[in-house]
Amino acid sequence: MTTQWISVTEARKTDSIGRTVQVRGWVRTRRDSKGGFSFIEVNDGSSFGNLQVIADGQLTNYEADVLTLTVGSSVVVEGEIKGSTGQGQVTEMAAKSLRVMGLASATDYPLQKKQHTFEKLREWAHLRPRTNTFGAVTRVRDRLSYATHQFFQGEGFVIVHTPLITASDCEGAGQMFRVTTLPLDKIPMVEGKPDVSKDFFGKSSYLTVSGQLEGEAYACALGKIYTFGPTFRAENSNTSRHLSEFWMIEPEAAFFELIDNMQLAERYLKFMISETLKHCAEDMDFFEKRIQPGLLAALQLVLDKPFVHMSYTEAVEILQKSGEKFDYPVAWGVDLQSEHERYLTEKHVQGPVILYNYPKDIKSFYMRLNDDGKTVAAMDVLVPGVGEIIGGSQREERLDILISRMEAVGLKPEDYWWYLDLRRFGSVPHAGFGLGLERMVQYTTGMANIRDVIPFPRTPGNCDF
RNA sequence: UCCCCUGUAGCUCAGUCGGCAGAGCAGCGGACUGUUAAUCCGCGUGUCGGAGGUUCGAGCCCUCCCGGGGGAGCCA
């Protein structure tokens with residue numbers, strides 16, 4: 001009879017005491033005891049903590065394998081789970097056998113039994129998931145993703161897979177990556193320009209910067225929908241908050257007005273945080289202790305308090321009366337700078353704040369014009385440390401106003417014929433927003449750089465791995 | 001794209017006024033009756049990011065290039 005293979009997580013539970021089981025994973029550290037036996041910490045990624053394996057000197061391969069076992073090596077161990085007499089773990093395994101699957105050369109394996117800088121670990125992006133920090137980040141990211149589906153499914157939203165390739169070159173959210181099969185060394189030309197009619201789709205095509213417009217089409221049929229997928233921005237952004245390829249969640253709901261949108265965003269953020277605190281307690285304790293002290297209390301506060309709602313106009317007044325010295329002056333009609341947003345969320349509110357009703361000239365054409373004729377029904381959710389985590393709006397559902405807004409910003413309505421059709425046939429008020437998953441992971445874990453919350457970050461000049 | 005900082009051993013860093021390249025950790029060898037980043041003793045480590053220049057002499061000063069980081073803008 002073969003021994004049952006269980007996870008390290010399970011082996012660490014007191015329920016497992018007395019069971020003889022098998023565990024498979026990677027060696028995090030080995031400590032040789034004076035008594036002629038060794039402690040081996042095995043991690044299999046199922047949890048933050050390791051299983052301490054006691055490898056007795058009586059093992060037939062003790063000298064040959066155990067004493068030469070190196071950090072990073074993969075092992076299969078069998079033995080009985082016992083209560084641990086030492087500090088620091090509840091259970092441990094008394095190994096009856098230990099099999100080495102693959103050694104990691106002690107001199108060549110980059111990861112050492114010490115802290116590495118995150119910058120150095122980015123050079124080893126294929127190995128960094130084996131570290132405490134990246135294991136924890138990955139599990140939290142997983143939980144946030146799962147919680148996203150739980151939340152929207154629970155609220156009756158339907159997932160919609162919007163296209164990643166689009167022919168619309170003006171979705172309005174920045175530079176796009178061109179998608180082409182034209183040969184770069186001999187591009188067919190017509191009248192001095194590339195002949196895009198010879199390209200794969202017979203026209204120019206790009207990677208999407210947002211699934212919103214297509215999402216609106218489905219919301220105006222299914223009612224409540226959400227998308228969850230990768231998004232691409234070819235901006236030359238070099239910051240700790242921007243990626244060229246990132247994951248975005250975009251709910252869109254028919255018959256939702258701005259206030260419904262804001263309440264949805266608040267319920268969603270709170271649900272994700274509470275699920276993560278509940279299911280990733282060990283990982284979150286690590287972030288609290290080693291990455292950002294005070295993190296858990298701050299997140300708990302988010303759950304306990306209703307979000308502060310503040311109109312753009314109110315925000316400008318608060319900033320002007322703050323007495324704070326800003327590098328950029330605050331004036332109504334000008335977009336808020338990072339320093340302004342930081343002041344509002346980190347000092348004035350000390351938690352998430354929803355700003356809404358922005359001047360129409362600094363926002364996108366599709367946002368619904370308010371009755372004052374000066375502002376649009378936009379909303380941004382700002383959080384301490386990260387800044388804008390959600391951007392959304394109620395959409396303009398009135399055909400004539402939408403067309404005049406498009407013309408005002410120089411867009412050709414005929415290019416958006418299908419988007420305008422949604423207003424021609426059975427138009428309804430509707431609203432939605434986009435949440436950057438990586439920014440949510442940053443906010444939840446306290447990780448300072450967005451490149452450290454996605455497995456293989458793509459940024460300008462960096463497409464390794 | 002702009003501003004600032006930075007690049008020295010496998011890793012983290014020090015290197016004074018321009019004068020023989022040096023610590024900790026990791027690694028390797030040894031010691032040690034249950035360890036928790038184990039501890040103690042011993043040993044070795046180099047294209048000083050690259051190319052020019054100044055100088056009797058450059059890790060250090062100058063120019064250009066490359067990489068990394070932080071901030072700003074754009075936004076999720």
>> Pair A/Ser393, A/Arg368 - check side chain to side chain donor-acceptor pair (under 3.5 Å), show working.
In response: CA-CA 7 Å; A/Ser393 69; A/Arg368 189 180 195 277; over 6 Å; no
> Quantified in whole Å, what is the C1' atom distance between nucleotide B/C5 and nucleotide B/G24?
Replying inline: 25 Å
>> Could you go through A/Phe157 and A/Phe151, starting from their C-alpha distance and side-chain angles, then the distance that decides it, and tell me whether this counts as ring pair (Phe, Tyr, Trp, His ring centres under 6.0 Å)?
In response: CA-CA 9 Å; A/Phe157 283 64; A/Phe151 175 79; 7.3 Å; no
>> What's the gap between B/G50 and B/G67 when it is taken at their P atoms, as a whole Å value?
In response: 15 Å
> Just how far is it from atom OH of A/Tyr146 to atom CD of A/Glu275, taken to the nearest 0.5 Å?
Replying inline: 8.5 Å
>> Just so I know, are the side chains of A/Leu98 and A/Ile40 near enough to count as touching, which here means a heavy-atom distance under 4.5 Å?
In response: yes
>> Distance alone, cut at 3.5 Å: any donor-acceptor contact between the side chains of A/Gln212 and A/Glu216?
In response: yes
>> Is there a side-chain contact between A/Arg439 and the phosphate of B/C75, meaning an N or O under 4.0 Å from OP1 or OP2?
In response: no
Write out a two-atom table: protein N or O, nucleotide N or O from nucleotides 68-70 of chain B, distance below 3.5 Å.
from	atom 1	to	atom 2	distance (Å)
B/G69	OP1	A/Arg122	NH1	2.6
B/G70	OP1	A/Asn449	ND2	2.6
B/G70	OP2	A/Asn449	ND2	3.3
B/G70	OP2	A/Arg451	NH1	3.4

> To the nearest 0.5 Å, how far apart are CG in A/Leu164 and OG1 in A/Thr231?
Replying inline: 8.0 Å
>> Taking the basic N atoms (NZ, or NE/NH1/NH2) and the acidic carboxylate oxygens, is any pair closer than 4.0 Å for A/Arg122 and A/Asp464?
In response: no
>> I need the CE-C1' distance between A/Met248 and B/A76, as an integer number of Å.
In response: 6 Å
> Rounded to the Å, how far apart are A/Glu235 CD and B/A76 P?
Replying inline: 11 Å
> Between A/Glu438 and A/Arg141, is the closest basic N to carboxylate O distance under 4.0 Å?
Replying inline: yes
> A/Phe433 has an atom CZ; how far is it from atom C1' of B/C75, in whole Å?
Replying inline: 17 Å
>> Within a 6.0 Å radius of atom CZ on A/Arg31, are there more than 12 heavy atoms belonging to other residues, nucleotides or ligands?
In response: yes
>> Just the rounded figure in Å: distance from C1' of B/C11 to CG of A/Leu111.
In response: 11 Å
> On a whole-Å scale, what distance lies between the C1' atoms belonging to B/A51 and B/G71?
Replying inline: 30 Å
> Mind checking the P distance from B/G52 to B/U16? Whole angstroms is fine.
Replying inline: 25 Å
Validation: residues 353-361 of chain A side-chain donor-acceptor distances under 3.5 Å, sequence neighbours left out:
from	atom 1	to	atom 2	distance (Å)
A/Asn357	OD1	A/Asn370	ND2	3.0
A/Tyr358	OH	A/Asp380	OD2	3.4

> What parts of residues 344-356 of chain A reach RNA chain B, counting only heavy atoms under 4.0 Å away?
Replying inline: none
> Hey, does the side-chain of A/His116 have a donor or acceptor N/O within less than 3.5 Å of a partner on the base of B/C11?
Replying inline: no
> In whole angstroms, how far is the P atom of B/A26 from the CG atom of A/Asp108?
Replying inline: 17 Å
>> Strictly below 4.0 Å: does A/Ser210 bring a side-chain N or O up to OP1 or OP2 of B/A76?
In response: no
> Starting at the 5' end of RNA chain B, what dot-bracket string do you get if Watson-Crick and G-U pairs under 3.5 Å are bracketed, crossing pairs use [ ], other-strand pairs use | and unpaired bases use dots?
Replying inline: (((((((..((((.....[..)))).(((((.......))))).....(((((..]....))))))))))))....
> Between B/A76 atom C1' and A/Arg241 atom CZ, what is the distance in whole Å?
Replying inline: 11 Å
> Rounding to the closest angstrom, what is the interatomic distance between B/G57 and B/A14 at atom P?
Replying inline: 29 Å
> Under 4.0 Å between a Lys/Arg side-chain N and an Asp/Glu carboxylate O for A/Glu78 and A/Arg99?
Replying inline: no
> Rounding to the closest angstrom, what is the interatomic distance between B/G68 and B/C28 at atom C1'?
Replying inline: 32 Å
> Considering only the C1' atoms, how many Å lie between B/C66 and B/A26, rounded to the nearest integer?
Replying inline: 29 Å
>> Tell me whether A/Asp44 is salt-bridged to A/Arg24, with the criterion being a basic N under 4.0 Å from an acidic carboxylate O.
In response: no
> At under 4.0 Å between heavy atoms, what does A/Leu243 touch on the DNA or RNA strands: base, sugar-phosphate, or nothing?
Replying inline: base
> What nucleic acid atoms does A/Leu435 come within less than 4.0 Å of, heavy atoms only: base, sugar-phosphate, or nothing?
Replying inline: nothing
> Given the C1' atoms of B/C25 and B/C61, what is the spacing between them in whole Å?
Replying inline: 33 Å
> Parallel, tilted or perpendicular for A/Phe152 and A/Tyr268, by the 30°/60° rule?
Replying inline: tilted
> Is a donor-acceptor contact shorter than 3.5 angstrom present between the side chain of A/Ser237 and the base of B/C74?
Replying inline: yes
>> Nearest whole Å is fine: how far is B/C75 C1' from A/Met367 CE?
In response: 11 Å
> Across the strands shown, which category fits A/Tyr328 at heavy-atom distances under 4.0 angstrom: base, sugar-phosphate, nothing?
Replying inline: sugar-phosphate
>> Is a donor from one side chain sitting under 3.5 angstrom from an acceptor on the other, for A/Tyr226 and A/Gln153?
In response: yes
> For nucleotides 45-51 of chain B, read 5' to 3', which letter fits each nucleotide if B means a protein heavy atom sits under 4.0 Å from the base, S means only the sugar-phosphate is that close, and - means neither?
Replying inline: -------
> Any Lys/Arg nitrogen of A/Glu10 or A/Arg19 sitting under 4.0 Å from an Asp/Glu carboxylate oxygen of the other?
Replying inline: yes
>> Contact between A/Met440 and A/Leu269 at the side-chain level, heavy atoms closer than 4.5 Å - yes or no?
In response: yes
> A/Phe326 CZ to B/A72 P: how many Å, rounded?
Replying inline: 13 Å
>> Within the 4.0 Å heavy-atom criterion, would you say A/Thr231 contacts the bases, only the backbone, or no part of the nucleic acid?
In response: nothing
>> Using a 4.0 Å heavy-atom cut-off to protein, can you give one letter per nucleotide of nucleotides 28-41 of chain B, 5' to 3': B if the base is in contact, S if only the sugar-phosphate is, - if neither?
In response: S---BSBBB-B---
> Starting at the 5' end of RNA chain B, which residue's closest nucleotide do you reach first, A/Glu438 or A/Asn236?
Replying inline: A/Asn236
> Is the centre of the A/Tyr366 ring less than 6.0 Å from the centre of the A/Tyr416 ring?
Replying inline: no
> Does NZ belonging to A/Lys96 count more than 12 external heavy atoms closer than 6.0 Å?
Replying inline: yes
